[in-house]
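Below, each value reflects all heavy atoms present in this structure, side chains not excepted, and no hydrogens, waters or symmetry copies. Remember, predicted model here, so these are calculated numbers, not experimental data.
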Amino acid sequence: ARVRRLERALRDSVVGVQSVRVGSVASDGAVTLQVEGGLTAEELQARLPAVLVPGATLVVGEVESSHVVHIRMQAVAAP
């Protein structure tokens, strides 16, 4: 459910993102999202801190290549 919320948040909140879909899920639970649009990896990385995902926070990592930005989504404990 959190991955779907992240997909929706990226699509709705980041200007330049046209579509987001799950590319793969690794055995350790890591999810690869494919983000389509007119942004470079650096532009996407710069815009990610403004993305709000209900029930989670995003930790923006490094740009690995021209097509890869690492982020980690952490669940937020309910008050």
Verify same cluster id: Ile71, Val25 (apolar side-chain graph, 4.5 Å): yes

Does a sphere of radius 6.0 Å around NE2 in His70 hold more than 12 heavy atoms from other residues, nucleotides or ligands, not counting ones at 6.0 Å or beyond? yes

Return the CZ to OG distance between Arg8 and Ser13, rounded to the nearest 0.5 Å. 10.5 Å

For a quick test of reading the model, state the closest non-hydrogen atom pair linking Ala41 to Ser66 and the distance between them. CB-O, 3.5 Å

Please report the interatomic distance OG(Ser19) to CD(Gln34), rounded to the nearest 0.5 Å. 8.5 Å

Say whether, by atom type as modelled, one donor and one acceptor occur between the side chain of Arg72 and the main chain of Val59 under 3.5 angstrom. no

Is Arg2 reaching over with its side chain to a backbone N or O of Ala75, donor-acceptor style, under 3.5 angstrom? no

Counting C-beta onward and ignoring hydrogens, is there a side-chain heavy-atom pair between Leu6 and Val31 closer than 4.5 Å? no

Can you see which heavy atom on Met73 is nearest to which on Val3, and at what distance? CE-N, 4.0 Å

When rounded to the nearest 0.5 angstrom, what is the spacing between CG in Leu52 and CZ in Arg5? 13.5 Å

Gap between atom CG of Leu48 and atom CG of Leu39 - 0.5 Å precision: 9.5 Å

Going hydrophobic residue to hydrophobic residue with side-chain gaps under 4.5 angstrom, can you get from Val68 over to Val51? no

Report yes if some heavy atom in the side chain of Leu33 is under 4.5 Å from a heavy atom in the side chain of Val22; otherwise report no. yes

Where is the tightest heavy-atom contact between Val20 and Arg11, given as atom of each residue plus distance? O-NH1, 3.7 Å

